[in-house]
Protein chains: 2
Amino acid sequence: MVGIKDVASLAGVSVATVSRVLNQHPAVRAETRARVLTAVDRLAYRPNAVARSLRTHQTRTLGLVISDVLNPFFTELARSVEDEARALGYSVIIGNADEQPELQDHHVRTLLDRRIDGLLVSPTDGGSPLMLGAARTGTPMVFVDRWIPGVDVPVVRADGRDAIRDLVAHLHALGHRRLAIINGPAATTTGSERVEAFRDALHAYGLSLPAEYVGQGDFQADSGRKATGRFLDLPRPPDVVFAADNLMALGAMDEMYARGLRVPEDVALAAFDDIPWFVHTDPPITAIAQPTGELGRTAVRALIDVVEGRTAASVTLSARLVARRSCGERREQTS
Amino acid sequence: MVGIKDVASLAGVSVATVSRVLNQHPAVRAETRARVLTAVDRLAYRPNAVARSLRTHQTRTLGLVISDVLNPFFTELARSVEDEARALGYSVIIGNADEQPELQDHHVRTLLDRRIDGLLVSPTDGGSPLMLGAARTGTPMVFVDRWIPGVDVPVVRADGRDAIRDLVAHLHALGHRRLAIINGPAATTTGSERVEAFRDALHAYGLSLPAEYVGQGDFQADSGRKATGRFLDLPRPPDVVFAADNLMALGAMDEMYARGLRVPEDVALAAFDDIPWFVHTDPPITAIAQPTGELGRTAVRALIDVVEGRTAASVTLSARLVARRSCGERREQTS
DNA sequence: CGCTCGATTGGAATCGATTACACGCAGAAG
DNA sequence: CTTCTGCGTGTAATCGATTCCAATCGAGCG
């Protein structure tokens, strides 16, 4: 591998000078700069980022730890994060926790070992000592989508309260009265929040949310399927199942079809997180759409703010209802 | 940040010794090792991977450059790659080229600058000078899924020939005679190969593939939609559209429905790359399934073989047909 | 004419590890 | 009682950059 020394000797200058032209330092004579530059591309020299990072204490890299890459919501989030980071001159390393706290820790640890400049996390759980420690000891950090209460870290997320109220209104208008929800893990904020918002919205319509209508899932399709099975085994099964994420909604749909039920005639279905595929399912699924791309981009900007010494505030965007056919024929279309 | 020196002085030994225990070097007295270890966790010391890499010339990191993270096929590939790499003690940095050669180059360059140990690529195009150069100058490299002909780099991929023949047989048996294909970019091997295999299979059934039945797409949904539009505008439109990837199939389906056509009664649809969602679309889509996870894992093992100085051979796995309802009912069930 | 000053450039320390080599010491061998 | 061996450990060089500080040089100034 050709190093800065090779460039220096080809150009007949010192390594210090080469480094200067590489870093656009102004104090270099134009003629010298030109000589260095020709040497650089004659040798196809590329600076070693590892060495540079060691010296400068910065890697211009962000870490992103998400709970499940296979979930289209997170895939899209990851993509927007990378786009924005790249636009701002950073790279990103993605760690997929697969909803497992140990894996999440593994990635946080690896990322920290690599001395990434900042960490973007959508926590799978309530926070391991490792992650809490990193936050406390000043690793630039921002939570996105999910967060950990009580930790002093900016949060970029979407609030689904209003959209959930709209959803309940929509369901109520369609005549549904027995509404059930499949919850995410209690350790995630997105899990608990969504149930609460749902319960509140139901109350506003004089409906209640009995315990047997709250299913416990883990954000994976299979758990959605099982929870739905339990609902349908109930003496009085719900007439709508609302899944707290898209994968569980798919599982729910599987179970409904496996039992020969029709959607929405026999049971209705709605999901949190809208994804392109929901348009193509049979029937198209009513969902609450988060501004995913905006979430990712905002989170990156916030993180870079703290990385570069500015301060960042939490940001809450809002989600919106996208009514389709899985809850019955719609009366009005929400745009 | 606490460094190896801090550990050394707390433990009352030299940095060399600390480094030795960290790297399981045998020549350390047990008692010394214990002292170092306590110091290590009293200080919560973690070695700086950047410094270590500089010295050892290895990062234990693999780069993965894929054409489109949002395509579920690549998402799954990326996931399996990361899983296997982690199991073997490597990290992976994913670069999303978004089917754009310049972006692909950007990622290759960044990855190379970071001195990753090896590169896994699913090329978007015929190969930029940068990538070709990297291959020639000995950067450990393996192609996965797509490859670049004429470059001496192992390839791990799935061969769809047999599955495509099965597909054509299936279509023929269902009475379809006018079959069209939406191709990927000609610059990708997966693009050109699939058309060829398709044409060959047609010939075996005495059918031909007229030029107007070969649509040009770019592996994105929208191009699938447009190509389908052109097919349907033909005086004699095809009765089956076979899309060379899942996203284009989705676009094709959109166009069919937008024109009020029924699938499969009016037009049939099949896709290359099977994804979980195809089970839930209306109708479920017949597809050719690649052993995606196996592809990723095999590619990683091959790459690590070359990274660690062994040699790696190309591997070709095989794809298989998964018949569903988008091409019509099977014969066993209908008249 | 000597000196100060700004513009360029080079020398060398430094970042935080790894590791070749040397050293001290204890027991074995002669 | 030497000398030899090896084990355990420390010293210092090294990886490839960045950057502080000093040196050089010509020009402008008093």
Side-chain angles (χ1 to χ4, degrees), chain A residues 1-40 43-61 89 91 109-117, chain B residues 1-37 39-40 43-61 89 91 109-117 139:
Chain A
M1 247 318 146
V2 11
I4 199 173
K5 286 208 267 272
D6 305 293
V7 177
S9 63
L10 209 199
V13 298
S14 73
V15 296
T17 301
V18 175
S19 175
R20 285 193 194 94
V21 348
L22 260 27
N23 295 286
Q24 352 257 29
H25 188 101
V28 180
R29 202 149 40 96
E31 192 264 339
T32 312
R33 173 189 316 275
R35 232 169 46 240
V36 170
L37 257 14
T38 26
V40 162
L43 297 174
Y45 167 73
R46 291 252 82 208
N48 183 325
V50 175
R52 186 195 297 243
S53 293
L54 177 59
R55 187 56 235 252
T56 61
H57 298 282
Q58 47 154 323
T59 49
R60 294 203 73 85
T61 301
S91 299
R109 186 163 13 246
T110 316
L111 260 8
L112 257 21
D113 285 357
R114 280 162 189 269
R115 303 299 192 261
I116 44 140
D117 294 340
Chain B
M1 252 311 151
V2 11
I4 198 174
K5 286 208 268 270
D6 305 294
V7 177
S9 63
L10 209 199
V13 297
S14 73
V15 295
T17 301
V18 175
S19 175
R20 287 196 191 92
V21 347
L22 259 27
N23 295 285
Q24 352 256 29
H25 187 100
V28 180
R29 201 149 41 97
E31 193 263 338
T32 313
R33 173 188 317 277
R35 235 175 38 244
V36 170
L37 258 15
V40 162
L43 297 175
Y45 167 74
R46 291 253 80 210
N48 182 325
V50 174
R52 186 197 298 245
S53 293
L54 177 60
R55 184 58 235 249
T56 61
H57 299 282
Q58 47 153 322
T59 49
R60 292 203 76 84
T61 301
S91 300
R109 189 166 5 249
T110 317
L111 259 9
L112 258 21
D113 285 357
R114 281 162 186 270
R115 301 303 191 262
I116 44 141
D117 295 340
T139 305

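Note on naming: letters A, B, ... go to the chains in the order of the sequence lines (proteins, then strands), and numbering restarts at 1 for each one. All of these numbers come straight from a predicted model, not from anything done at the bench.
- Using a 4.0 Å heavy-atom criterion, one finds that B/Val50 contacts no nucleic acid atom at all.
- Taking every nucleotide of DNA chain D with any atom under 4.0 Å from a non-hydrogen atom of chain B, the first and last of them, 5' to 3', are D/dG8 to D/dG16.
- Using modelled atom types, one finds no donor on one side chain facing an acceptor on the other under 3.5 Å when comparing B/Arg20 with B/Thr32.
- When atom types are taken as modelled, the side chain of B/Arg46 and the backbone of A/Arg109 share no donor-acceptor pair closer than 3.5 angstrom.
- Atom P of nucleotide C/dA17 and atom CZ of B/Arg60 are separated by 18 Å, given to the nearest angstrom.
- No side-chain heavy atom of A/Met1 sits under 4.5 Å from any side-chain heavy atom of B/His57.
- Within residues 15-22 of chain A, the residues having any heavy atom closer than 4.0 Å to DNA chain D are, in order of number, A/Ala16, A/Ser19, A/Arg20.
- The two residues B/Ile4 and B/Tyr45 make their nearest non-hydrogen contact at N-CE1, 3.6 Å.
- The base of C/dT8 is not paired with the side chain of A/Arg29 by any donor and acceptor separated by under 3.5 Å.
- Straight-line distance from the CZ atom of B/Arg55 to the P atom of C/dT19: 6 Å, rounded to whole Å.
- Atom P of nucleotide C/dA13 and atom CG of A/Leu54 are separated by 17 Å, given to the nearest angstrom.
- The residue among B/Val13 and B/His57 whose nearest nucleotide of DNA chain D lies closer to the 5′ end is B/Val13.
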Donor-acceptor pairs under 3.5 angstrom involving side-chain atoms of residues 8-19 of chain A: please list them, not counting sequence neighbours.
from	atom 1	to	atom 2	distance (Å)
A/Ser9	OG	A/Lys5	O	3.4
A/Ser9	OG	A/Asp6	O	3.2
A/Ser14	OG	A/Ala16	N	3.3
A/Ser14	OG	A/Thr17	N	3.4
A/Ser14	OG	A/Thr17	OG1	3.4
A/Ser19	OG	A/Asn23	ND2	3.4

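- Comparing A/Glu31 and B/Ala51 by the nucleotide of DNA chain C that holds the closest heavy atom to each, the one mapping nearer the 5' end is A/Glu31.
- In B/Gln24, the CD atom is not crowded: 12 or fewer heavy atoms of neighbouring residues, nucleotides or ligands sit closer than 6.0 Å.
- Counting heavy atoms from C-beta outward, B/Arg114 and A/Thr61 have side chains that approach closer than 4.5 Å.
- Note: B/Asn48 CG to A/Leu112 CG = 11.0 Å, rounded to the nearest 0.5 Å.
- A/Arg33 places its CZ atom 14 Å from the P atom of C/dA7, with the value rounded to the nearest Å.
- Between the CD1 atom of A/Ile4 and the P atom of C/dT9 there is a distance of 15 Å, rounded to whole Å.
- At the heavy-atom level, A/Ser53 lies nowhere under 4.0 Å from the strands shown.
- B/Asp117 CG to B/Ser53 OG: the interatomic distance, rounded to the nearest 0.5 Å, is 8.0 Å.
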